[in-house]
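First up is the structure itself, then whatever we jot down about it.
What's counted below: heavy atoms across the whole structure, side chains too, no hydrogens, waters or symmetry copies.
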Amino acid sequence: MQTKYPFIYIGSDTLEALSSYCSKQKLDCFTLVTDQNIYPRWGEPVQKTLRDLGFNVQSIILEGDPITPDENYLIKILLITNDAPCTYLAVGSGTITDMVRFVADRTQSAFISLPSAPSMDGYASSGSSLTIQGLKQTVIARPPIAIFADLPTLSKAPRDMIAAGFGDVFGKFTALADWAMGNLTIRDPYDPNLAGRVSKRLEQSVKLIDHLEDAWEQNIYALTDALLDVGLCMLEMGNSRPASGSEHSCSHYWEMKLLREGRPAIYHGTKVGIASMLMAERYEWIKKIDIDEVNRRLASTPMPILEDEISTIRNVYGSIADDIIRSQKIYLEMTPEEYHKVQERISSHWPDIQALARSVPSPEEMGRLLHKAGLPVEPEEINLTKEDVKEALYYGHYLRNPFTIIKLLRMLGIDVVTGE
Ligand SMILES: [Zn+2]
């Protein structure tokens, strides 16, 4: 089945393009969802334009700092929404878009995305990144029918949100390596065309970095275009594998922990950038291990004991442990024969795995890219402690089920924190 892509507009005549699209599609009733910060600079102009055309627009302006895409805000949107079948307008960045995507899907409504910042790659995708009862999860909902990315608005987005967009893109180095490795080891479904497309977008974005400030709007256009296209790749794949691997597991772990402990939130792409740096260090370890050592390590590393794994998950994740255990089923229920098969594949594909490791920049290069984009490089710069880093490395991989560099290191008996 061919994936239906949303209509995409990136430019400066956005309100005109939106009006003409809505008229052509005969859409005349809207539920606009935004937050109190974005409303004055982007929500209000959108609302005014559509009302001036005689369209019915109900606006829901969410309040809170931070606004978390959780059950409380989802219920809030549903409670305020009118009964009439309307098209949702998600006017905001990741949080607003993810909530609207979910609500629109579950109320059988269409939605249009009007991004306020080029801060993440999920605008075009169908996955809704939500935090339900403290558990960060991606719920498959629906893609927007259209995306109107207003260049002047995106260019004036807070600088650290734009930097976060680059962080989300640079996370693709490790995400792509993890994805291909998952295909080699546990036969995770893989699409080389989509991987190639994401990789091309990544290369293009890397090229922007050295001249970022020179042609600001032009570069924001290119970044937005790349982020939207990566979202389309996820949409086409039907999951987030083309864009998310071990670095996203770490980022999700931190997001949940910060929320639980009442600590200030950090932009998704900023966390992904820091986590990509950590994973680049771990890919560096792989580059130095020869096949004899791999075979020695595989032979001397026992299969994880089911009871130990479950007890670790219960200790770390408490009330949400059952959901985590369910999501880790493919690993927890692996038979010794299946485990042995994966070990064999690691050994026979070691040259391929090392080639994947070489596709990930060295930590020095990754650090340079992050720094150039205006992102922090060290976890302490965003108040992540050594303990936060350690926990994310040891336990973040339980949050999602793809095979990643972290799962590989565990199978090789290498401590994912110390490398020993
Ligand atoms: Zn991301």
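- Residues E213 and R159 are paired through a salt bridge, judged by an N-O separation under 4.0 Å between the basic side chain and the carboxylate.
- Using a 4.5 Å heavy-atom cutoff, the side chains of T301 and L412 are not in contact.
- A donor-acceptor pair under 3.5 Å is absent between the side-chain atoms of S128 and the main chain of L130, judged by distance alone.
- Note that CG of D65 and OG1 of T68 are 9.5 Å apart. Values are rounded to the nearest 0.5 Å.
- When all heavy atoms of R142 and Q108 are compared, the closest pair comes out as NH2-CA, 3.7 Å.
- In this structure the side chain of I274 never reaches within 4.5 angstrom of the side chain of E378, judged on heavy atoms.
- Between the side chains of T312 and N315, not a single donor N or O lies within less than 3.5 Å of an accepting N or O.
- Between the side chain of R345 and the backbone N or O of T185 there is at least one donor-acceptor pair closer than 3.5 Å.
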Can you check side-chain contact (heavy atoms from CB on, under 4.5 Å) on L202 and F170, steps first, answer last? CA-CA 7 Å; L202 172 57; F170 295 153; 4.1 Å; yes
Test I8 against L232 for side-chain contact (heavy atoms from CB on, under 4.5 Å), laying out the working first. CA-CA 11 Å; I8 292 182; L232 293 176; 4.0 Å; yes
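- Remark: the backbone N or O of S155 is paired with a side-chain donor or acceptor of W216 at under 3.5 angstrom.
- By the 6.0 Å contact criterion, CD on Q218 is open, its count of non-hydrogen atoms from other residues, nucleotides or ligands being 12 or less.
- Within the 3.5 Å criterion, the main-chain N or O of W179 finds no donor-acceptor partner in the side chain of Y190.
- A salt bridge between D290 and R296 is absent, with no side-chain N of the basic residue lying under 4.0 Å from a carboxylate O of the acidic one.
- Checked by atom type and distance alone, the side chain of R101 pairs as donor or acceptor with a backbone atom of S125 at under 3.5 Å.
- Listed here is the closest heavy atom pair of A124 and P144: O-CD, 4.0 Å.
- The existence of a salt bridge linking K341 and E338 is excluded, since no basic side-chain nitrogen approaches an acidic carboxylate oxygen closer than 4.0 Å.
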Go through the steps to decide whether I414 and E420 satisfy the test side-chain contact (heavy atoms from CB on, under 4.5 Å), and finish with yes or no. CA-CA 5 Å; I414 296 174; E420 281 157 13; over 6 Å; no
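- Within the model, atoms CD1 of I60 and OG1 of T81 stand 3.5 Å from one another, a figure rounded to the nearest 0.5 Å.
- Looking at Q36, its side chain never comes within 3.5 Å of a backbone N or O of I61 through a donor-acceptor pair.
- Salt-bridge check for E203 with K200: failed, with every basic side-chain N at 4.0 Å or more from each acidic carboxylate O.
- Considering every non-hydrogen atom in both L154 and I162, the closest pair reads O-CD1, 3.7 Å.
- A heavy-atom distance below 4.5 Å is found between the side chains of V103 and L74.
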May I have the step-by-step check of side chain to side chain donor-acceptor pair (under 3.5 Å) for D308 and S311, ending in yes or no? CA-CA 5 Å; D308 292 351; S311 118; 5.7 Å; no
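- Residue Q133 places its CD atom among 12 or fewer non-hydrogen atoms of other residues, nucleotides or ligands, all under 6.0 Å distant.
- A donor-acceptor pair under 3.5 Å links the side-chain atoms of W350 to the main chain of I289, judged by distance alone.
- Between the Q343 side chain and the M411 main chain, no donor and acceptor come within less than 3.5 Å of each other.
- Across P6 and L235, no two heavy atoms sit closer than the pair CD-CD2, 3.9 Å.
- Between the side chain of S240 and the backbone N or O of A243, no donor-acceptor pair lies under 3.5 Å.
- To the nearest 0.5 angstrom, Y123 atom OH is 9.5 Å from D98 atom CG.
- Atom OH of residue Y267 and atom CG of residue D160 lie 4.5 Å apart, to the nearest 0.5 angstrom.
- Between atom CD1 of residue I10 and atom CG of residue L151 there is a gap of 8.0 Å, rounded to the nearest 0.5 Å.
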Would you sort out whether Y398 and Y331 count as a side-chain contact (heavy atoms from CB on, under 4.5 Å), showing the intermediate values? CA-CA 10 Å; Y398 289 117; Y331 300 103; over 6 Å; no
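- Between F173 and S359, the closest heavy-atom pair is CD2-O, 3.8 Å.
- Between the side chain of N183 and the backbone N or O of A180 there is no donor-acceptor pair closer than 3.5 Å.
- Atom CG in N219 sits 5.0 Å away from atom CG in L208 (nearest 0.5 Å).
- Side-chain contact check for S116 versus M161: every heavy-atom pair is 4.5 Å or farther apart.
- You'll find the side chain of Y73 stays beyond 4.5 Å of the side chain of T95, heavy atoms only.
- When the shell of 6.0 Å around NZ of K287 is examined, it contains more than 12 heavy atoms from other residues, nucleotides or ligands.
- Defined by atom type and a distance below 3.5 Å, a donor-acceptor pair is present between the side-chain atoms of Y283 and D178.
- Classified by interplanar angle (parallel below 30°, tilted 30° to 60°, perpendicular above 60°), the ring pair F148/Y21 is perpendicular.
- For the residue pair H268 and D168, a side-chain donor N or O sits within less than 3.5 Å of a side-chain acceptor on the partner.
- Atom CG of L79 is surrounded by more than 12 heavy atoms from other residues, nucleotides or ligands within 6.0 Å.
- Looking at M303 and H340, their side chains never come closer than 4.5 Å, going by heavy atoms from C-beta outward.
- With no hydrogens or angles considered, no side-chain donor-acceptor pair links R282 and S246 at under 3.5 Å.
- Note on D121 versus K172: salt bridge recorded, some NZ/NE/NH1/NH2 to OD/OE distance being below 4.0 Å.
- In terms of heavy-atom proximity, C86 sits nearest to S109 at O-CB, 3.6 Å.
- T131 and D70 are not linked by any side-chain donor-acceptor pair at a separation below 3.5 angstrom, with hydrogens and angles left out of the test.
- You'll find the side chain of I406 stays beyond 4.5 Å of the side chain of S249, heavy atoms only.
- Residue Y253 is tested with H248, R400, H397, E391 for a side chain to side chain donor-acceptor pair (under 3.5 Å); the sole match is E391.
- By the 4.5 Å heavy-atom criterion applied to side chains, I132 and V139 are not counted as neighbours.
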